[in-house]
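Scope of the values below: all heavy atoms of this structure, side chains included, with no hydrogens, waters or symmetry mates.
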Amino acid sequence: PQTTKNNNPTSTAPQAKGQLTTMAKDAPPPKKARSGKKRAVGDITRGKSHAELLEHRKSLKNDLRSLPHDQRSRVLSHLHGGERRGELSKSRLKNLKQDDANRDTSHLTPYQVKNLDKRRSKPNAALQRQMHRRETKRLQNAMAAADAEDILHSHGAGLVEAENDMEKTIQLTQRQLKNEHLDEAVARNVYDIDLEDYGPYKMRYDRSGKFALLAGGRGHVSVIDQHSLALKTEFFVQDTVRDACFLHSASMMAVSQEKNVYIYDEDGAEIHRLDGHRRVTGMEFLPYHWLLATIGSTGVLQYQDTSTGNLVSQHRTKLGPCGAIRQNPFNSVLHLGHTNGTVTLWSPSSSEYLVKMLCHKGSPITDVAIDRSGRYMATGGGDSRVKIFDLRMYKEIHSYNTYGGAPTGLDISQTGILGVGHGCHTTFWRPEALRVKMKEPYMKHQLSGKGPLESLRFRPFEDVCGIGHAKGISSVVIPGSGEPNLDSMEHFTNPYMDVKQRREAEVRSLLEKLSPDMIALDPDTVGGIEESNLVQRQQRLRDVAEEADVKRVAEKEALKNKKEKKRMRGRSKIAKKLRRKQKNIVDENMIKLKELRDEEKAEKESRKRDEAAGDDGDEEGGGKGQEAPAALKRFF
């Protein structure tokens, strides 16, 4: 049969019967039809093309804009760490663009300027595609995390609401809550422990809220398991106890005694003594930096690294004794309340205070509390007032008055409920009370005959508040005060972890420990975008120096032209004024006069040395000067 070669393999025309169509052995395989759209190298393996990626990112941004405000804020918190951080990033990028537009090329050669212009005219397309891909992935992951949060975090913080206008939540007592509204598991958290022999007591919780630390002023220290209400540890130090706090976990605690600070383990055995911390009245532990901060009657703020045992820094506040200390959960900056009514903000890397605020004029600061977001601060003063400050502007928003005594215990729960302990009363305000002034409190509790209160702390992840007073401790239930959803990524916040998990958490926490130098007022500056290049920063520093020089010259001119004040009798005469002005003028006569005075001074000193040598010779020869008294030696 005749063999034919089909030159058009894609042809679908029928072949004649009896003919055989074959392909040559050395012929190339058929090629696929090319699409008119060219794709970059690696786009096929990575998924979508660059144009499809940009279209997908545009659709995601449109979906983000269409979300309600609360859902959009949650997505931005996953994307940027909050709306504020996103705004800071935008402002820094804006500054970078301005610096690029007004760049300084005076220090560059013409060849370098030419290369720089060439790079600006031809941007790196591969780098742009990579950045667009990463931004799209981050936005997609943030929206997926917000959706997963809606599914996993199914519990919400519920506040007590009144059914009608005649009912008020402030009228609800703990006895009514325990007997009528709470189930048995929650009602167990309403109790009183009378410890009159070793009071007054201070009460604190660990990060998980499972254990409570009780510190009696007369030497009694104990740890109570809040789940079973069983006594875990109890010991007596036979000394005055001023304050106590847990360290990284409930296995270690720091107790401030009469002279020094001591570290104890979970069995009550003394591990270490901090000799440098003298007469400490307030302590705070920074969990992300493993730092124990102490302040006392000496007014010296000290940071001790509990992982290495080294003293990180020591600062003299120069404001006298201090007993009110609290850390900002947002940036780990310490807030100190002083007896002159001021609050100062400190970090380990600064020898001076970062901010100083006059909060209570003429009254000492009794206690300080900061909310979880780090935006609002509540201060209590000796003037029986609680003031709310906005830390973004360092400005007072409003204030509340207290009755029965000055506020001695302040705390803000995880959901924003403000607790105030004053006299033998405790008052609790809704979360909205930090932003706007409320007319009446949310709830209240009275401890008759047990005041004044020493401490007030909310229990983490539970609707419970612990109160320490002169007759022992009390625990009350405040609905809606605890965070209902537990963050499993945080170390030592799991109340049900076993020994193995605790050891694993300690190792991970030590590996992720932050440097003390990273503590600043704005934590977003760490790891952010530099506002400008080195040349621009130097130019700004030069501008600041020039402004300072101009100001200094203006002050000198003003001082020169300042009218001389009228002096006492005889000193305002013209001759006296001219003589005073001539003192600062250096001319030939002034130089000659100075030389003459120096010569006279030298002659007097040489004459005195000669006279002293002559007196020594008379004494050796046994003259009259040796026998005469010291007051008559000048006559010989």
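A distance-only check finds a donor-acceptor pair linking the side chain of R207 to the backbone of H491 [under 3.5 Å]. Looking at Q414, its side chain does come within 3.5 Å of a backbone N or O of F461 through a donor-acceptor pair. Looking at S363, its side chain never comes within 3.5 Å of a backbone N or O of G381 through a donor-acceptor pair. Side chain of S455 to backbone of M203: a donor-acceptor contact under 3.5 angstrom is found. Here the side chain of N310 pairs no donor or acceptor atom with the backbone of V312 at under 3.5 angstrom. Checking side-chain atoms of D411 against main-chain N and O of F458 turns up a donor-acceptor pair under 3.5 Å. Remark: side-chain polar atoms of K387 are not paired, donor with acceptor, to backbone N or O of H360 under 3.5 angstrom. Side chain of R326 to main chain of L410: a donor-acceptor pair is present (N/O by atom type, distance under 3.5 Å, no hydrogens or angles). Remark: the backbone N or O of G299 is paired with a side-chain donor or acceptor of T317 at under 3.5 angstrom. Between the side chain of E454 and the main chain of A470, no donor-acceptor pair closer than 3.5 Å is present.
By the 4.5 Å heavy-atom criterion applied to side chains, V477 and H181 are not counted as neighbours. Counting heavy atoms from C-beta outward, Q327 and V333 have side chains that stay 4.5 Å or more apart. Proximity of L214 to H220: side-chain heavy atoms (C-beta onward) are nowhere separated by under 4.5 Å. At least one side-chain heavy atom of L391 sits less than 4.5 Å from a side-chain heavy atom of I370. Contact of the H338 side chain with the C322 side chain is registered, since non-hydrogen atoms from C-beta on lie closer than 4.5 Å. Using a 4.5 Å heavy-atom cutoff, the side chains of V420 and T426 are not in contact. Under the 4.5 Å side-chain criterion, counting only non-hydrogen atoms from C-beta, P407 is not in contact with D367. The side-chain heavy atoms of V190 and L177, taken from C-beta on, include no pair separated by under 4.5 Å.
Across all non-hydrogen atoms, the minimal contact from D206 to P460 is O-CG, 3.6 Å. The two residues H469 and S474 make their nearest non-hydrogen contact at NE2-OG, 3.0 Å. Here the closest heavy-atom approach between residue A293 and residue L301 is recorded as CB-CD1, 4.5 Å. The two atoms that bring Y400 and A433 nearest to each other are OH-O, 2.9 Å, heavy atoms only. Across all non-hydrogen atoms, the minimal contact from Y303 to H315 is CE1-CD2, 4.2 Å. Contact between Q314 and L311 at its shortest, heavy atoms only, is OE1-CD2, 3.6 Å.
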Check: Can you list the steps and then say if V476 with M443 is a side-chain contact (heavy atoms from CB on, under 4.5 Å)?
Finding: CA-CA 11 Å; V476 296; M443 295 184 71; over 6 Å; no
Q.
Applying side-chain contact (heavy atoms from CB on, under 4.5 Å) to L456 and C465, what does each step give before you reach the verdict?
A. CA-CA 7 Å; L456 185 144; C465 179; 3.7 Å; yes
Trace of the salt bridge (charged side-chain N to carboxylate O under 4.0 Å, His left out) decision for K439 with E432: CA-CA 11 Å; K439 293 183 179 179; E432 295 82 8; over 6 Å; no
Requested in this report: Verify side-chain contact (heavy atoms from CB on, under 4.5 Å) between D463 and V186, making sure each step is shown before the conclusion.
Outcome: CA-CA 9 Å; D463 296 343; V186 182; over 6 Å; no
Report task. May I have the step-by-step check of side-chain contact (heavy atoms from CB on, under 4.5 Å) for T493 and E483, ending in yes or no? Result -> CA-CA 12 Å; T493 57; E483 174 63 39; over 6 Å; no
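Residues S509 and W290 have side chains that bring a donor and an acceptor to within less than 3.5 angstrom of each other. Counted by atom type alone, E490 and Y288 present one or more donor-acceptor pairs between their side chains at under 3.5 Å. With no hydrogens or angles considered, a side-chain donor-acceptor pair links R385 and S399 at under 3.5 Å. For the residue pair H277/Q304, the side-chain donor-acceptor check at 3.5 Å is satisfied.
Within 6.0 Å of OH on Y262 lie more than 12 heavy atoms contributed by other residues, nucleotides or ligands. Residue D165 places its CG atom among 12 or fewer non-hydrogen atoms of other residues, nucleotides or ligands, all under 6.0 Å distant. Crowding of K513 atom NZ: a count of heavy atoms from other residues, nucleotides or ligands under 6.0 Å exceeding 12.
Relative ring orientation between H422 and Y403 is described as perpendicular, the plane-to-plane angle rising above 60° on a 0-90° scale split at 30° and 60°.
Stacking of R392 on the aromatic ring of Y376 is recorded, both the 6.0 Å distance cut-off and the 45° axial limit being met.
Note that CD of E284 and CG of L334 are 7.0 Å apart. Values are rounded to the nearest 0.5 Å. Here OG1 of T344 is found 4.5 Å from CG of L336. Values are rounded to the nearest 0.5 Å. Taken to the nearest 0.5 Å, the CE atom of M283 stands 4.5 Å off from the CG atom of D243. Rounded to the nearest 0.5 angstrom, I170 CD1 and T427 OG1 are separated by 7.0 Å. Atom CD1 of I417 sits about 5.0 Å away from atom CG of L159, to the nearest 0.5 Å. Interatomic distance, L213 CG to R457 CZ, rounded to the nearest 0.5 Å: 11.0 Å.
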